[in-house]
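In what follows, a structure is listed as structure tokens, so that the remarks can point back to it.
All chains are named by letter (A, B, ...) in the order of the sequence lines, taking the proteins before the strands, and each is independently numbered beginning at 1.
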Protein chains: 2
Amino acid sequence: MPKKTFFNLSVSKRELIEAVAIDEFAANSYRGASISQIVAKAGIAKGSFYQYFVDKRDLYNHILSIVQTCKIEMVKDMTPPSSVMDTFGYLRWMIQVAVMFELKHPKLAKIEQDAFLENPLANESEPGEQEATDATVRFRDFLTQGIMHDDIAPWVDIDMAAFFLASVYHQIGQYLIARMADKANAIANGSVDIAFDPLTQDLFDNLMDLVEAGIAREPQIRKDYYSK
Amino acid sequence: MPKKTFFNLSVSKRELIEAVAIDEFAANSYRGASISQIVAKAGIAKGSFYQYFVDKRDLYNHILSIVQTCKIEMVKDMTPPSSVMDTFGYLRWMIQVAVMFELKHPKLAKIEQDAFLENPLANESEPGEQEATDATVRFRDFLTQGIMHDDIAPWVDIDMAAFFLASVYHQIGQYLIARMADKANAIANGSVDIAFDPLTQDLFDNLMDLVEAGIAREPQIRKDYYSK
DNA sequence: CATTTTTATGACTGAGCGGTCGTATTCTAA
DNA sequence: TTAGAATACGACCGCTCAGTCATAAAAATG
């Protein structure tokens, strides 16, 4: 945790330091990020930095907690109007949150992904009341429920499928950004909001259909399944 | 390219240097890898290293070419006996190669993945006669063919699905290793070959079924499709 | 043998890193 | 106004890094 001196700072200065750190970590990941660069860009002295933070890892952890907070707030904001929702509606919502997060906060998403790659275990924050935020765990719960509700094919290996969904979940945002590259200018100047662009919606729907129904025109496994 | 001095070295010394470099790059990726560490572990002088290689990047490129060569050889070895193969048999084979490579050469696979993350464009080697090795491109071709042969559902967005397959392709090996962690000892002492373990085969089959048929018990998209 | 070319060596350079510390400034409060 | 606490500061430390270079050893050549 940052020292209390950091929280005594004016909000603007604190947010400036955080913003500079987010830029640096997003661009260079933990190892490549430089405290010297951060203090230079934030216009503070090296010594001041160490009045605010114990060390580099302390700052990094603080930034990670910002990422978490930001993501949780996005989840809250996107809570669907209807609390009654079928299995795949829920799946769609879960993944949509990840996509939104990546589209709206690409730097934070980059930091999160780097952190995940560095340490794939990472169960962060107090284990007390907060529910698990790890995507794989959430997908496993989802699949278990889905099979109980007869929505998901019973031959599916839950653990494998959870991994499979998580890998899509972690990468789809980047793909959409790349796919929309030709509209990059329009997105940059704000005349197009990538998150609500019809093409984004179409692609997202197509991916969800793909997850639900597979890519085969007449899947053998499905024939076997219905012939029983 | 390494200098000719490097290729004048005895095979054993050359392979020692390459093996040490592979360890270092696999463990620390390009940025974190240290030439000082490599020369120390290989038992050569710093100056000698720079008789062999132009710079760090030169060594790295050489290692990447080893990775490519190794992978291509594995592809050749795994060429299926029957040249006649249906669409999904071919898909299964493509992904199986990736899995095998990751299981048999985890360090090389790690290096390849790091390189991919650093620069997702990376069309390596001479563009002359060699076919594209980038997985996404190969999947796109595969899907195009599949739709032409009426094996793949026509509503599938080819570009999106190619990305989707590539993301699975790049991660499935790591998942299998993690999933087999309880057999780690048996694998390490050679009494179990992870690549041919029945559980590995089952999981792989399950994943392929999932890609073909989706996870839904009765996919809506498929009902729509057949009702037309 | 002598001469020339090739290879091996490790001390060294300059730069950047995370982190420290004595001092200067600013703030707080009596 | 002044004493003391909190904060700001940047030169500096020890270290590691990629890369260089003068020199020495070894190999090849004649």
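- Residue contacts for A/Ala33: at a heavy-atom cut-off of 4.0 Å it reaches the sugar-phosphate backbone alone, with no base atom in range.
- Nucleic acid contact for B/Lys46: base, since at least one base atom lies under 4.0 Å from a heavy atom of the residue.
- B/Ile44 places its CD1 atom 11 Å from the C1' atom of C/dT9, with the value rounded to the nearest Å.
- Between the CZ atom of A/Arg31 and the C1' atom of D/dT16 there is a distance of 12 Å, rounded to whole Å.
- For the pair B/Arg57 and B/Tyr30, the cation sits on the ring face: its NZ or CZ lies under 6.0 Å from the ring centre, inside 45° of the axis.
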*When you look at A/Asp58 and A/Tyr52, which way does the side chain to side chain donor-acceptor pair (under 3.5 Å) test go after all the steps?*
CA-CA 9 Å; A/Asp58 187 32; A/Tyr52 307 149; over 6 Å; no

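- Considering only residues two or more places apart in sequence or on other chains, A/Ala42 meets the side-chain contact (heavy atoms from CB on, under 4.5 Å) condition with A/Ile17, A/Val20, A/Ile44.
- Sparse packing is recorded around NZ of B/Lys107, with 12 or fewer heavy atoms of other residues, nucleotides or ligands lying under 6.0 Å away.
- Residue A/Tyr50 places at least one side-chain N or O under 4.0 Å from the OP1 or OP2 atom of C/dG19.
- For the pair A/Phe49 CZ and C/dC21 C1', the computed distance is 17 Å after rounding to whole Å.
- Of the side-chain N and O atoms in B/Ser34, one or more sit less than 4.0 angstrom from OP1 or OP2 of D/dA18.
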Set out, line by line, the N/O atom pairs under 3.5 Å between protein and nucleotides 6-8 of chain C.
unit_1: C/dT7; atom_1: OP1; unit_2: B/Asn8; atom_2: ND2; d: 2.8
unit_1: C/dT7; atom_1: OP2; unit_2: B/Thr5; atom_2: OG1; d: 3.4
unit_1: C/dA8; atom_1: OP2; unit_2: B/Tyr52; atom_2: OH; d: 2.9
unit_1: C/dA8; atom_1: N7; unit_2: B/Gln51; atom_2: NE2; d: 2.7

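- Nucleotide D/dT20 holds its P atom 14 Å from the NZ atom of B/Lys56, rounded to whole Å.
- A distance of 8.5 Å separates SG in A/Cys70 from CD1 in A/Ile22, rounded to the nearest 0.5 Å.
- At whole-Å resolution of the value, CZ in A/Phe6 and C1' in D/dA6 are 17 Å apart.
- Rounded to whole angstrom, the span from the CD1 atom of B/Ile35 across to the P atom of C/dC12 amounts to 22 Å.
- Atom CG of A/Asn28 is separated from atom C1' of C/dC17 by 13 Å (rounded to the nearest Å).
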*For B/Gln68 and B/Glu112, what are the C-alpha separation, side-chain angles and deciding distance, and is it a side-chain contact (heavy atoms from CB on, under 4.5 Å)?*
CA-CA 9 Å; B/Gln68 284 302 313; B/Glu112 190 187 35; 3.9 Å; yes

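- Ring pair A/Phe53/A/Phe6 is tilted by interplanar angle, where 30° to 60° counts as tilted.
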